[in-house]
Student: 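Dropping a structure here in structure tokens format, bear with me for questions.
The chains referred to below are lettered A, B, ... by the order of the sequence lines, with proteins before strands, and numbering in each begins at 1. Because the structure is predicted, anything quoted here is derived from the model rather than measured.
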Amino acid sequence: DTAVSQTPKYLVTQMGNDKSIKCEQNLGHDTMYWYKQDSKKFLKIMFSYNNKELIINETVPNRFSPKSPDKAHLNLHINSLELGDSAVYFCASSLGTTNEQFFGPGTRLTVL
Amino acid sequence: KNEVEQSPQNLTAQEGEFITINCSYSVGISALHWLQQHPGGGIVSLFMLSSGKKKHGRLIATINIQEKHSSLHITASHPRDSAVYICAVKSAGNKLTFGGGTRVLVKP
């Protein structure tokens with residue numbers, strides 16, 4: 001009965017590949033987020049969706065494309081992976097945009 | 001200079017000691033969050049506050065909007081409190097901006 005789940009937990013891939021990370025929440029929330037935590041453990045917002053509509057799109061390379069098929073899912077697709085994409089990616093969700101956020105366990109992406 | 005600054009960056013305490021972590025921010029905010037990241041990597045939301053003070057168990061969070069400052073206090077610290085504590089502010093556009101985190105180690 002995990003609240004916010006992400007798959008996979010670990011992802012190791014070669015430069016140039018395309019990969020996806022999936023996120024699902026069963027909390028009935030309508031807002032979902034993707035964050036990136038770099039090697040220095042600094043967290044930064046990437047995207048946010050509210051009711052399947054993109055509401056936050058930070059300065060992220062267009063190789064990153066979020067997709068929200070429904071309110072419970074927000075997937076992150078990354079094209080042409082680069083070494084600098086190696087990081088831990090966290091998904092989160094909230095009810096509306098003003099309430100506390102619940103985080104997934106993170107996906108550690110390593111690009112070789 | 002980051003919009004959100006935390007101090008100290010690292011903190012070591014003996015079990016039972018009172019711990020204070022500080023967060024200063026330079027932008028207008030609608031709310032401030034305190035998060036805890038466990039050694040295993042998971043992130044848990046501890047508090048969300050926009051004024052005054054909140055208490056949950058041994059944790060207390062305060063915010064002074066005029067001074068753009070918040071503190072997180074841990075009373076009677078325990079080794080299981082060892083984690084990274086992260087301050088994040090919600091500003092225009094509903095996005096969270098994070099501080100660099102404070103790594104806390106509580107020794108038995």
Student: Taking heavy atoms only and a threshold strictly under 4.5 Å, list by residue number the residues of residues 89-99 of chain A that touch chain B; give 'none' if the list is empty.
Tutor: A:Phe90, A:Thr97, A:Thr98, A:Asn99
Student: In terms of hydrophobic clustering (I, L, V, M, F, W, Y; side-chain heavy atoms under 4.5 Å; direct or indirect links), are B:Leu32 and A:Phe103 co-clustered?
Tutor: no
Student: Under 3.5 Å, which donor-acceptor pairs do the side chains of residues 9-18 of chain B form with other protein atoms, sequence neighbours left out?
Tutor:
from, atom 1, to, atom 2, distance (Å)
B:Glu17, OE1, B:Gln14, N, 3.0

Student: Could you see if B:Leu105 belongs to whatever hydrophobic cluster contains B:Ile19? Use Ile, Leu, Val, Met, Phe, Trp, Tyr and a side-chain cutoff under 4.5 Å.
Tutor: no
Student: Is it the case that one hydrophobic cluster holds both A:Leu76 and A:Leu81, taking links as side-chain heavy atoms less than 4.5 Å apart, direct or via other members?
Tutor: yes
Student: According to a hydrophobic-cluster definition based on side-chain heavy atoms being under 4.5 Å apart (Ile, Leu, Val, Met, Phe, Trp, Tyr only), do A:Tyr33 and B:Val89 belong together?
Tutor: no
Student: Tell me the residues of residues 41-48 of chain A whose non-hydrogen atoms fall below 4.5 Å from those of chain B, in number order.
Tutor: A:Lys41, A:Phe42, A:Leu43, A:Lys44, A:Ile45
Student: Taking 4.5 Å as the heavy-atom cut-off, does anything in residues 35-52 of chain B contact chain A, and if so which residues?
Tutor: B:Leu35, B:Gln37, B:Gly41, B:Ile43, B:Ser45, B:Met48
Student: Can you name the closest pair of heavy atoms from B:His33 and A:Gln101 and give their distance?
Tutor: CE1-N, 4.5 Å
Student: Checking heavy atoms, do the side chain of A:Phe102, its backbone, both or neither come under 4.5 Å from chain B?
Tutor: neither
Student: Taking B:Val4 as the starting point, is it possible to reach B:Phe98 by hopping between hydrophobic residues whose side chains are less than 4.5 Å apart?
Tutor: no
